[in-house]
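Throughout, protein chains are lettered first and strands after them, A, B, ... in sequence-line order, and every chain is numbered starting at 1. None of these values were measured; they are calculated from a predicted model.
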Amino acid sequence: MRIRRDKRDQLAARGMEPYAIGLPITTTIAAVRAAHPDLEADVATGEKVGIAGRVIFQRNTGKLCFATLRAGDGTEIQAMLSLASVGEEALQSWKDLVDIGDHVFVAGEVITSKRGELSVMADEWRMASKSLRPLPVAHKPLNEETRVRQRYVDLIVRPEAQKVARTRVEVLASVRRSMSERGFLEIETPMLQTLHGGAAARPFVTHSNAFDIDLFLRIAPELFLKRAVVGGLERVFEVNRNFRNEGADRTHSPEFTMLEFYAQYLDYRDVARITRELYQEAAQSAIGSLTVDHPDGTVLDLSGEWPEIDLFESLSEAIGEEITPETPREHLVMLCDQQDIAFHPTAVAGKLAEELFEHYVVPTLVNPVFVMDYPVDTSPLVRGHRTKAGVVEKWDLYINRMESGTGYSELVDPVIQRERLVEQASLADRGDDEAMHLDEDFLRAMEHGMPPMGGVGVGVDRMLMALTGLGIRETILFPLVKPGQS
RNA sequence: GGGGCGCUAGCUCAAUGGUUAGAGCUGCGGACUUUUAAUCCGUAGGUUCCGGGUUCGAGUCCCGGGCGCCCUACCA
């Protein structure tokens with residue numbers, strides 16, 4: 001650090017700017033590479049360029065210096081500085097003052113070296129940004145903590161980190177494209193809410209000084225998106241952050257990115273199809289394939305139609321006895337106890353059935369599957385099933401043994417909705433801090449006539465996980481980390 | 001929440017309770033006009049995560065704390 005600071009000062013002393021702006025850059029490394037895909041060794045093209053990049057390797061010999069410059073997109077090119085073309089003073093400055101990690105500008109002719117490496121033979125060089133801290137040694141894996149805490153370093157030295165960051169960009173762009181093509185409007189709804197609703201989760205609480213009230217960071221945008229549909233924005237979506245004050249592990253982050261979309265007059269099967277298409281289009285544009293290979297050897301096949309299984313039927317089959325929405329709570333408790341499945345003491349029968357499902361069936365769900373028709377008592381915002389008793393028109397999408405999305409035929413009857421929410425509110429009063437509170441304004445919106453609609457929530461981070469096989473903290477560029485000692 | 005493992009030089013890692021905590025790469029000085037993780041010679045580099053304790057002696061053992069990873073549970 002101290003030595004590099006001295007070099008920074010030396011640059012100024014020799015009349016060079018250590019952080020130069022307005023450099024005469026004429027092209028990119030990628031463009032030079034693309035223009036000269038397969039030159040023979042030891043060729044001079046006569047083409048003059050000005051390029052800049054970060055020094056990633058250096059090989060300084062006596063009168064001829066080599067450096068590998070890398071751009072953010074991972075493309076690299078070699079810079080060569082010879083005594084003959086830059087002169088003694090510039091060559092000496094280069095050897096004295098350039099370190100691995102510096103951004104440098106090089107202007108000169110595009111050539112290939114005697115070993116065939118595409119290079120720029122410099123006529124001049126300039127410092128673009130003097131790096132004061134050394135880069136970690138290349139070719140040795142950084143430990144996971146440093147990668148997450150200093151993602152900027154991770155991105156410099158590990159091309160895979162770049163790739164993941166760019167895959168996320170591509171997935172988000174693809175999702176927005178797919179939604180737009182189907183007539184959905186991207187809208188923004190409140191992150192700061194006076195009541196949290198739309199999901200069952202513990203919220204983060206903050207305080208507004210101006211209004212002198214406590215506010216919640218949203219756990220879901222659902223109730224506002226539905227209000228927008230009431231208002232005649234017939235198809236809406238939002239891709240943005242939700243915040244849940246709960247556990248963090250390989251598949252959960254306190255802030256995570258969620259896609260929600262709602263479309264009037266569609267039902268849960270219609271939106272399931274759209275969800276599958278979204279996924280397939282995102283996979284195609286982000287990784288170029290509907291077959292995904294994970295580092296752990298898992299292979300996901302996202303192609304074609306995705307199968308549907310019935311929650312209670314598949315559970316009954318797995319257990320070997322019939323389980324229905326009418327199966328008494330006591331019996332489900334007994335089945336859970338047999339398998340040492342833990343559950344919350346106040347859990348309702350439907351919740352227990354879902355616990356059993358997670359234990360028996362979920363571990364087998366690698367390729368995408370829509371799990372259909374959930375118990376009514378765990379789904380307060382979903383419409384009752386049109387033919388089956390005790391269940392609602394809801395699916396969960398499982399990919400790679402992970403819940404990756406959920407879709408409903410939304411409940412739009414304000415009278416039934418009020419009954420369900422009152423029931424939830426009484427749960428909240430009894431100490432279930434994840435139950436929903438009564439949102440009178442939401443009910444008021446419904447009472448103005450909410451069109452029948454299908455709605456979906458898809459975890460975008462989990463999309464990235466499915467497409468890369470990585471943990472959630474690798475798919476998020478800057479995940480929350482506890483402050484360290486220093 | 002419970003259990004396990006880890007934290008030592010810029011990075012990746014060594015070090016039976018016992019000399020002055022080592023190695024590779026990085027860095028620094030030098031040689032070299034075709035190198036590719038360049039090579040060769042020389043050299044520097046430490047609050048062993050923090051705080052206590054046991055001991056003649058602690059990176060190592062004990063207690064407390066911090067941070068991370070894995071497993072497990074919880075979180076519809």
Side-chain angles (χ1 to χ4, degrees), chain A residues 1-4 6-7 41-42 56-68 76-86 91 95-96 99-101 111-119 121 131-150 153-154 157-158 199-202 219-220 244-254 311 340-355 357-358 362 371 374-382 392 394 396 403 406 424 427 432-436 457 471 473 481-486:
Chain A
M1 234 337 242
R2 189 177 47 76
I3 290 158
R4 287 190 177 213
D6 290 344
K7 291 183 179 178
D42 207 10
I56 213 78
F57 296 120
Q58 264 195 116
R59 296 167 293 280
N60 287 348
T61 65
K63 300 186 179 62
L64 180 63
C65 297
F66 304 86
T68 305
E76 296 175 358
I77 197 164
Q78 179 168 268
M80 294 170 66
L81 289 91
S82 77
L83 178 63
S85 44
V86 297
L91 187 69
K95 289 204 277 189
D96 289 346
D99 290 304
I100 288 175
I111 64 157
T112 52
S113 71
K114 284 184 181 163
R115 295 288 179 84
E117 186 74 30
L118 187 65
S119 308
M121 177 59 89
S131 164
L132 297 185
R133 289 183 188 269
L135 240 32
V137 178
H139 312 289
K140 283 274 177 64
L142 271 183
N143 75 48
E144 205 167 331
E145 183 176 355
T146 312
R147 276 166 29 190
V148 171
R149 283 189 189 276
Q150 300 181 35
V153 173
D154 188 31
V157 300
R158 201 169 56 96
R202 275 177 288 173
I219 56 175
R244 297 189 183 175
N245 204 346
E246 297 180 339
D249 59 28
R250 197 183 154 74
T251 61
H252 296 81
S253 171
L311 177 84
D340 280 330
I341 299 170
F343 53 86
H344 198 275
T346 65
V348 292
K351 173 67 182 151
L352 295 177
E354 288 178 23
E355 295 283 358
F357 178 79
E358 279 182 31
V362 168
V371 180
Y374 275 68
V376 64
D377 46 12
T378 60
S379 312
L381 300 170
V382 192
V392 292
K394 164 183 171 177
D396 270 359
E403 188 191 334
T406 187
Q424 284 286 313
L427 285 175
D432 182 345
D433 51 9
E434 291 185 349
M436 298 180 200
R473 281 157 65 94
V481 277
K482 280 205 197 179
Q485 294 262 294
S486 69

Engineer: In whole angstroms, how far is the P atom of B:C11 from the CZ atom of A:R133?
Structural biologist: 10 Å

Engineer: Mind calculating the distance between CG (A:L81) and P (B:U34) to the nearest angstrom?
Structural biologist: 15 Å

Engineer: Once you round it to whole Å, what is the distance between P of B:A73 and NE2 of A:H252?
Structural biologist: 13 Å

Engineer: What's the closest nucleotide to the A:R250 side chain, out of B:U36, B:C70, B:U34?
Structural biologist: B:C70

Engineer: My understanding is that a pair needs two contacts under 3.5 Å, Watson-Crick or G-U wobble. By that rule, which nucleotide pairs with B:G68?
Structural biologist: B:C5

Engineer: When you measure from the side chain of A:K7, which nucleotide among B:G68, B:U33, B:G27 comes out closest?
Structural biologist: B:G27

Engineer: What interatomic distance, in whole Å, is found between C1' of B:U60 and the corresponding atom of B:C7?
Structural biologist: 14 Å

Engineer: Looking at side-chain heavy atoms only, is the closest gap between A:E246 and A:H252 below 4.5 Å?
Structural biologist: no

Engineer: From the set B:C28, B:C32, B:A37, return the single nucleotide nearest to any side-chain atom of A:F57.
Structural biologist: B:A37

Engineer: Between atom CG in A:L91 and atom P in B:U34, what is the gap in whole Å?
Structural biologist: 13 Å

Engineer: Roughly how many Å apart are B:C56 and B:G22, using the C1' atom of each and rounding to a whole number?
Structural biologist: 25 Å

Engineer: Applying the Watson-Crick and G-U wobble criteria at under 3.5 Å, what pairs with B:C74? Answer none if nothing qualifies.
Structural biologist: none

Engineer: Which part of the nucleic acid does A:D42 contact within heavy-atom distance under 4.0 Å: base, sugar-phosphate only, or nothing?
Structural biologist: nothing

Engineer: Which whole number of Å gives the distance between the C1' atom of B:U39 and that of B:G65?
Structural biologist: 49 Å

Engineer: If you measure from the P atom in B:A14 to the same atom in B:G53, how many Å do you get, rounded?
Structural biologist: 30 Å

Engineer: Starting at CZ of A:R147 and ending at C1' of B:G10, how long is that distance when rounded to a whole Å?
Structural biologist: 18 Å

Engineer: Expressed in angstrom and rounded to an integer, what is the separation of A:E403 atom CD from B:C75 atom P?
Structural biologist: 13 Å

Engineer: So, the side chain of A:K63 versus the backbone of A:L91: is there a donor-acceptor pair under 3.5 Å, distance only?
Structural biologist: no

Engineer: Kindly compute the distance separating SG (A:C65) from CD (A:Q58), expressed to the nearest 0.5 Å.
Structural biologist: 8.0 Å

Engineer: Taking the same atom, P, in B:G17 and in B:C62, what whole-Å distance lies between them?
Structural biologist: 11 Å

Engineer: Counting only side-chain heavy atoms from C-beta out, which of B:U34, B:A38, B:U33 sits nearest to A:K63?
Structural biologist: B:U33

Engineer: In whole Å, measure the gap between the C1' atoms of B:G42 and B:U36 for me.
Structural biologist: 25 Å

Engineer: Determine which nucleotide pairs with B:A58, using a 3.5 Å limit on both distances of a Watson-Crick or G-U wobble pair.
Structural biologist: none

Engineer: Has A:S131 got a side-chain atom pairing as donor or acceptor with A:R133's backbone, closer than 3.5 angstrom?
Structural biologist: yes

Engineer: Answer with base, sugar-phosphate or nothing: what part of the nucleic acid does A:D249 contact at a heavy-atom distance below 4.0 Å?
Structural biologist: base

Engineer: Is there a Watson-Crick or G-U wobble partner for B:G42 with both distances under 3.5 Å, and which nucleotide is it?
Structural biologist: B:C28

Engineer: Quick one: on RNA chain B, does A:Q58 or A:L64 contact a more 5' nucleotide (nearest heavy atom)?
Structural biologist: A:L64

Engineer: In whole angstrom, what separates A:L132's CG from B:G27's P?
Structural biologist: 15 Å

Engineer: Heavy-atom distance under 4.5 Å between the side chains of A:K7 and A:D96, does that happen here?
Structural biologist: no

Engineer: Quick one: label A:A84 by what it contacts on the DNA or RNA (base, sugar-phosphate, nothing), any heavy atom closer than 4.0 Å.
Structural biologist: base

Engineer: Is any side-chain nitrogen or oxygen of A:R473 closer than 4.0 Å to OP1 or OP2 of B:C69?
Structural biologist: yes

Engineer: Among B:A38, B:C75, B:G27, which nucleotide sits nearest the side chain of A:I3?
Structural biologist: B:G27

Engineer: As an exercise, state the distance from CD of A:E403 to CD of A:E358, rounded to the nearest 0.5 Å.
Structural biologist: 7.5 Å

Engineer: Please give, in whole Å, the distance from B:A37 P to A:L135 CG?
Structural biologist: 16 Å

Engineer: Would you kindly compare A:D99 and A:S82 by the position of their nearest RNA chain B nucleotide and give the one closer to the 5′ end?
Structural biologist: A:D99

Engineer: Determine which nucleotide pairs with B:U12, using a 3.5 Å limit on both distances of a Watson-Crick or G-U wobble pair.
Structural biologist: B:A23

Engineer: Please measure how far the C1' atom in B:U26 lies from the corresponding atom in B:G45, and state the result in whole Å.
Structural biologist: 11 Å

Engineer: Given B:A38, B:C28, B:U34, which nucleotide is nearest the side-chain atoms of A:M121?
Structural biologist: B:U34

Engineer: What's the spacing between A:D42 CG and A:E117 CD if we round to 0.5 Å?
Structural biologist: 13.5 Å

Engineer: Do A:D154 and A:Q150 come close enough that some side-chain heavy atom pair is under 4.5 Å?
Structural biologist: no

Engineer: Quantified in whole Å, what is the P atom distance between nucleotide B:A44 and nucleotide B:C28?
Structural biologist: 16 Å

Engineer: Between B:U34, B:C11, B:U36, which one does the side chain of A:P136 approach most closely?
Structural biologist: B:C11

